[in-house]
Amino acid sequence: MNSEARLRTEVERAARSLGAPESFVPVLERPRDTAHGDWATNAAMALAKPLRRKPLDIARDLLAAMNPGAAGVAESSIAGPGFINFRLDAGHLASTIATVLAEGAAYGRSNGGSGRAVNIEFVSANPTGPLHVGHGRQAALGDAISSLLAHAGWNVTREFYYNDGGGQIERLCDSVFRRAVGEPLAEDHYHGDYVAEVAAAYLDAFAGRESVAVDAARERLRAGWEADGQLRDDVRRFAVGYLRREQDTDLKAFGVRFDVYYLESSLYTEGRVDDTLAQLAKAGHAFEQDGALWLRTTDFGDDKDRVMRRSAEKGGEPTYFVPDVAYHVTKWQRGFARAIDVQGADHHSTVTRVRAGLQALEMGIPVGYPEYVLHQMVTVVRGGEEMKISKRAGSYVTVRDLVDEVGRDAVRYFFLMRKGESQLVFDVDLARSQSEENPVYYIQMAHARLSGIFRVGEMDPASITGEGLSWDVLSQPEERELIKALVDWPALLAGATDALEPHRVANWLHDTAGLVHLWYHKHHVLGEPDAIMQARLALAKAARIVLANGLDVLGISAPERM
RNA sequence: GCGCGAGUAGCUCAGCUGGAUAGAGCGUCGGCCUCCGGAGCCGAAGGUCGUGGGUUCGAAUCCCGCCUCGCGCACCA
């Protein structure tokens, strides 16, 4: 049991002895001002109403009923309107270091997921061009959320879903063709330079296969385009493959890997779209109107009903809503207890209707399935101006642009330091020109400095076990604050995981790095009397472990030197 | 018009699910390198937490109204 749990137990026991109701759970928190101690409880104020007594009187009685020593409390006091502040003795506080050293990379991990399967779907870009900054934010977010859940004992599958058919792909196909044969593009075609690259690569491959010169290949392509459906299929397959590979390369450079790539087209070829449509049609929430088949999603909180199958004059095909539902049905059928979709906020309108579709099927899928993490838009700013263009992509800034310019670690950190619901301004100048003052380097530097102690001292960190040390020599204020941050890591990680909010980890890392720098600046390790040096080495190693664990969650490297 | 999100320091944003004197980075101004890495540290200036009500011991946080900004409101995907 850690010091927090011991203290909570003790406060609870005292509260019961004063007649607190069974349901009462005292809140323990870190006082904002460290002069108030290590922990504070609002128990006396919270009990004022049920006990019908004054908070200050209750606080006094609570303290009297407590056995402070049992919880490692060195000092306690009553302050303000009725807070009870506790100061732990140095030995109890620092004993957490031994836990950190013993658990190492596992420190902070938990097992709330107990091996259950969770599916995280993110990026899910269609293969019509390079990944843009929004995809970058999503890649960083989805990967970090995956990592959070893995740290909590979930069996995580990272999934990329993409639409390899439909109107956009045909537009891409036409764009590539026109570029290849030198015809002008229309407004709604894809305009980036990458289209020309795909076209050139295709012509090369085509020429090679037909054993003709590129010019001749171009003529054959032009001549056969309208008549030869095979040719169109060939271009489509080539272009999609080319862009998929490019997206993979970019994601790899960003340090993101997927376990499953799910093709929307497979939902059709495997008959899942038809099956889902048939089941929805007979499940009791369907109706016909204006020749189309509708689902009464308003039965499940949607603001209007949705068409499932278009009317005959509109082609009679299912709308995209059906494959969306069919796809999520597969997640459930594949055994995922949770499914989390990370998407741009412009997709928020699908949330209600997808859930409605799953509910309408009445197959026992939980009401909140799938969960959504929606993030707001990213605007990229350079030189004080919004950047909207990149040469390669034409109308948008790519992930590749950012990674090349700022570096993978910094891009990830910048995307993760803010809450997803906040709109994000990515200032390239700031991220790059101030890379020396960059928050991510600040954190990495703290890790490198701690590593440097062992390097300079010519010691193997593995030899530091923390056994047989007297922790009470770690009594400096800077040491206490740093240790408290290490104590808090598991709870912080758990909170970030529950909320699916990686930015909490990013901010905690920055704060903790600050505590490391402060401690490092103020106190020496090497050359101190042996008892102090050994204890501080243990603290240095523990802090290094926890920083590395936090950086690992965010997918950012923890360098030993910079 | 309806729905979702956001409005906190000059700028970019945190604020641990209701706590004590609201924080960080950048920017501005001023200090600190014989000492394990100065990619660091210390200090200063800078706030009617969009606004008006409400809830209670206590509100940036919860509830209601209003204002501003972003996104979305197809038999497109």
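Reminder, nothing fancy here: chain letters follow the sequence lines and each chain counts from 1.
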Could you state the atom-to-atom distance from NE2 of A:His523 to P of B:C36 in whole Å? 16 Å
Whole angstrom is fine here: how far is it from CD in A:Gln423 over to P in B:G7? 10 Å
Check the geometry between A:His524 and B:C35 and answer yes if their rings are stacked (centres below 5.5 Å, planes below 30°), otherwise no. no
At less than 3.5 Å, do the side-chain atoms of A:Ser311 and the base atoms of B:C75 form a donor-acceptor pair? yes
Give a yes or no on this: more than 12 heavy atoms of other residues, nucleotides or ligands lie within 6.0 Å of atom CD of A:Gln289. yes
Determine whether the aromatic ring centres of A:His36 and A:Phe83 lie less than 6.0 Å apart. no
In the structure shown, which nucleotide is the Watson-Crick or G-U wobble counterpart of B:G23, with both distances under 3.5 Å? B:C13
Rounded to whole angstrom, note down the C1' distance from B:U51 over to B:A60. 14 Å
Residue that, paired with A:Lys522, satisfies salt bridge (charged side-chain N to carboxylate O under 4.0 Å, His left out) out of A:Glu478, A:Glu479, A:Glu481: A:Glu478
Complementary nucleotide of B:C73, counting Watson-Crick and G-U pairs under 3.5 Å: B:G1
Rounding to the closest angstrom, what is the interatomic distance between B:G43 and B:C49 at atom C1'? 26 Å
I need the CD-C1' distance between A:Gln444 and B:G40, as an integer number of Å. 15 Å
Taking pairing as Watson-Crick or G-U wobble with both contacts under 3.5 Å, can you name the mate of B:C66, or confirm there isn't one? B:G50
With a 4.0 Å cutoff (strictly under), does any side-chain N or O of A:Lys49 reach OP1 or OP2 of B:C57? yes
Is A:Tyr372 reaching over with its side chain to a backbone N or O of A:Val342, donor-acceptor style, under 3.5 angstrom? no
Does a side-chain N or O of A:Lys304 approach OP1 or OP2 of B:G3 to a distance below 4.0 Å, or not? no
Consider side-chain hydrogen bond (donor to acceptor under 3.5 Å, both in side chains). Of A:Arg455, A:His447, A:Arg544, which one does A:Glu560 pass it with? A:Arg544
Nucleotide nearest A:Glu29 when distance is taken to its side chain, options B:A77, B:G19, B:C75: B:G19
Measure from the side chain of A:Leu526, starting at C-beta and using heavy atoms only, and say which of B:G19, B:A20, B:C36 lies closest. B:C36
Donor-acceptor pair under 3.5 Å: do we get one between A:Asn42's side chain and the base of B:A20? no
Distance check: side-chain N/O of A:Tyr442 vs OP1/OP2 of B:C41, anything under 4.0 Å? yes
Could you check how far CZ of A:Phe321 sits from P of B:C75, rounded to whole Å? 13 Å
Taking atom C1' of B:A77 as reference, at what distance in whole Å does atom CD of A:Glu317 sit? 14 Å
Regarding the side chain of A:Arg418, the nearest nucleotide among B:G40, B:U12, B:A74 is B:U12
B:G18 pairs with which nucleotide, Watson-Crick or G-U wobble, both distances below 3.5 Å? none
Which is more 5' along RNA chain B, the nucleotide nearest A:Gly514 or the one nearest A:Gln168? Just name the residue. A:Gly514
Taking any strand in view, what nucleotide pairs with B:A60 in a Watson-Crick or G-U wobble way, both distances under 3.5 Å? none
Indicate, yes or no, whether a donor-acceptor pair under 3.5 Å links the base of B:G25 to the side chain of A:His510. no
So, under a plain 3.5 Å distance rule, would you say the side chain of A:Tyr320 forms a donor-acceptor pair with the base of B:A77? yes
Counting only side-chain heavy atoms from C-beta out, which of B:C16, B:G40, B:C36 sits nearest to A:Val456? B:C36
B:G23 and B:C16, which share atom name C1', separated by this distance in whole Å: 13 Å
Pairing partner of B:C33 (Watson-Crick or G-U wobble, both distances under 3.5 Å): none
Between A:Arg30 and A:Asp33, does at least one N-O distance fall below 4.0 Å, as a salt bridge requires? no
What do you reckon, do A:His36 and the base of B:A20 stack, with centroid distance below 5.5 Å and planes below 30°? yes
Starting from P on B:C11, measure out to CZ on A:Phe426 and report it in whole angstrom. 21 Å
Taking 5.5 Å and 30° as the limits, would you call A:Tyr520 and the base of B:G40 a stacked pair? no
